[in-house]
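Supplied in structure tokens, the structure appears directly below.
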2 protein chains.
Amino acid sequence: MKDVAAAAGVSLKTVSRVVNGESNVNDDLRSAVLESIAELGFRRNASARDLRQGRSGTIGLLLEDVADPFYSMLSRAVEEVAREHGTMVFAGSSAEDPDRERDLALAFCERRVDGLIIVPAGTSHSYLLPEMRAGIPAVFVDRPPGDIEADMILTDNLGGSRRGVEHLLGHGHRRIGFIGDAPEIYTAGERLRGYREALESAGIAFSDDLVTQAPPSPTSTADALDRLLEGPSPATAVLCGNSRTTVSVLRELARRSARLALVGFDDVELGDLLQPGLTVVAQDPGAMGAAAARLLFQRIAGDTAGPTQTVTIGTRLIPRGSGELPAP
Amino acid sequence: MKDVAAAAGVSLKTVSRVVNGESNVNDDLRSAVLESIAELGFRRNASARDLRQGRSGTIGLLLEDVADPFYSMLSRAVEEVAREHGTMVFAGSSAEDPDRERDLALAFCERRVDGLIIVPAGTSHSYLLPEMRAGIPAVFVDRPPGDIEADMILTDNLGGSRRGVEHLLGHGHRRIGFIGDAPEIYTAGERLRGYREALESAGIAFSDDLVTQAPPSPTSTADALDRLLEGPSPATAVLCGNSRTTVSVLRELARRSARLALVGFDDVELGDLLQPGLTVVAQDPGAMGAAAARLLFQRIAGDTAGPTQTVTIGTRLIPRGSGELPAP
DNA sequence: ATGAAAGCGCTAACAC
DNA sequence: GTGTTAGCGCTTTCAT
């Protein structure tokens, strides 16, 4: 910038004014400056600017896994909103590791991101308190933060799950299984609650025998199906607590050539091409990402006075066949 | 940092030494400093550090679409390698828009990223020359850059496509269609070449009637299938040029209850659960991302002397049923 | 409308 | 082993 100023025969400040599109610059000088800029291939150094201004025009996005379709759609939605605000996005994957989450979050803070969007992996987030007090707002997505209060964007897990079970009940099923993720995971717990509530509202006793809670794996899924399908009164339908579980169950059912009415939580690409088509309770990761980003930019803009907000995003039941198989 | 120094009763430089883990600091002073750091909630300002050091510990990753499974897997692989190098990743989607690609790339440069990984959308990249000369290395992935020379990581599109067609030929097919993406797209062109070569090697005349090149859409796919299936000697098999096309073709075939041997380029989640299972020529986006990142960090580390490199990553044919349907 | 000077928070280079 | 000084490239403030 100094070089540009010298080449154009003006002061540093004039160049700065031109670069920042300030209006009060003589047209002749402006064009001289622009010319020198083009000639020298000058590009403003954002680090210097950030240092001086105290803000960076970046946000940090902390996901469980950038490669997971759910999070990558969320990510794209965040990116689009950030773009509207002239902001770039740092993305990182916690890989469900609380330490890695923390390291990444603090690295983002060190980079002086203007704000943070976090899908929490850990259960404690007090490590963020100093940063938040120092003016870095954080919005949590998909799961609530551990031991602090903060804005969050959640799916209506309970309602969606309830809806899925009601759908199966509506098709005559009475023995409905639930195969969900590990109970520590917030969404898994909520979805189990929804399952339970739907049964209870229908006057059907909840039975532990029909419930499995474990990280999806071929073995755990096989075990779960064993438990559901054996015995005197086998399950005729199942609600899968997340998409990995759904896929795992579909594979296992295909292997056994078994049929079971099935509703999955979370949509799955190509679900419509399966036979039967996969009925799902679909979340809207795009809506969640957009909502998180909008709320974050609201906070960044200074709307920091109000209480923390919780936005709940609804689900959509998409019937495609597997959830409409009638009870025998 | 100044505050920390004051609180600990040492000089700025000593704090800096502690923060950077330099060894030549007295243990007493070190612990005093660490205490003050904890007390004050100090976190080093990366902007200031970057400004001083001239490097930022960040790289820019420019994809077509962060939400596309292919790119999101690539993205994750890049992230993992970057992590090994203590580097954060800016990710952005060009949305196949050359202007947006350019804006993002230059915004990354303004942020003084240490390097750039680009899936090019546009056909001209000379805008990067000044930046590259200024010391920001760039590695192109999936498609070559437009009008500059640079490192690139490509899939063996030609070989993979050839392999797919040979597979269909091996199952007795002689009328094999090709439905690919728009001809401007590099990968689409290469895959068509592979199709063509395979036919020619088998002594089968190439026929324009069997080829469609268009962005996948329900209409274009329906048209393509019309052309393939009507007439006196309809196609008995088809090679789909990318996963969006594959999905589109599968939907259309399902709608018509038509059957056609099919090999898709690019793997698709749940391809094994379809009936018949989907035979694909699988790319390895993770390997591509990792290779790109490794090469980039090599360049960043100063290995800038050698000539530009082109790394070609092989494909894998995964037979699952659809590609093994015999010719009538 | 333009410019000069100070300083953002840090590290490199050089004392001591 | 520790401290001092200068300066990275920009914006802010204040003067003209």
With nearest nucleotide decided by heavy atoms, which residue, B:V10 or A:K2, maps closer to the 5′ end of DNA chain D?
B:V10

Name all pairs fulfilling the side-chain hydrogen bond (donor to acceptor under 3.5 Å, both in side chains) condition that reach into residues 297-308 of chain A, sequence neighbours left out, sorted by first residue then second.
A:D151-A:R299, A:Q298-A:D303

Listed partners of B:E64 passing salt bridge (charged side-chain N to carboxylate O under 4.0 Å, His left out), at least two apart:
B:R143, B:R244

Net bend of the helix from C:dA1-D:dT16 to C:dC16-D:dG1, end axes of five pairs each, nearest 10 degrees
30°

Under 4.0 angstrom, heavy atoms only, what part of the nucleic acid is A:N24 near: base, sugar-phosphate, or nothing?
base

Looking at DNA chain C, which of residues 11-23 of chain B put a heavy atom within less than 4.0 Å of it?
B:L12, B:K13, B:S16, B:N20

Applying side chain to side chain donor-acceptor pair (under 3.5 Å), name anything that partners B:T87, two or more places apart in sequence or on another chain.
none

Residues two or more places apart in sequence or in another chain: which of them pass side chain to side chain donor-acceptor pair (under 3.5 Å) with B:R43?
A:E131

Would you confirm whether A:H125, through its side chain, and A:G146, through its main-chain N or O, come within 3.5 Å as a donor-acceptor pair?
yes

With a 3.5 Å cut-off and no angle check, do the side chains of B:T187 and B:N157 form a donor-acceptor pair?
no

Crowded around A:R102 CZ? As in, over 12 foreign heavy atoms under 6.0 Å?
no

For a 4.0 angstrom threshold against heavy atoms of chain A, report the outermost contacting nucleotides of DNA chain C in 5' to 3' order.
C:dA1 to C:dG9

Sub-3.5 Å donor-acceptor pair from the side chain of B:S93 to the main-chain atoms of B:A95, do we have one?
no

Could you tell me whether the side chain of A:D181 and the main chain of A:A188 form a donor-acceptor pair under 3.5 Å?
no

All side chain to side chain donor-acceptor pair (under 3.5 Å) counterparts of B:S16, not counting sequence neighbours:
B:N20

For A:M73, look at atom CE and say whether over 12 heavy atoms of other residues, nucleotides or ligands are found less than 6.0 Å away.
no

Tell me the salt bridge (charged side-chain N to carboxylate O under 4.0 Å, His left out) pairs involving residues 16-26 of chain A, sequence neighbours left out?
A:R17-A:E22

Could you tell me from which nucleotide to which nucleotide of DNA chain D, 5' to 3', there is an atom under 4.0 Å from chain A heavy atoms?
D:dG9 to D:dT12

Looking only at heavy atoms, the pair that brings B:G115 and B:I136 closest together is CA-CG2, 4.0 Å

With B:E184, which residues qualify under salt bridge (charged side-chain N to carboxylate O under 4.0 Å, His left out), at least two apart?
none

Any residue in residues 32-58 of chain A with a heavy atom nearer than 4.0 angstrom to DNA chain C? Just list them by number, or reply none.
A:L51, A:R52

Looking at every heavy atom in both A:E84 and A:R294, which two are closest together, and how far apart are they?
OE1-NH1, 3.5 Å

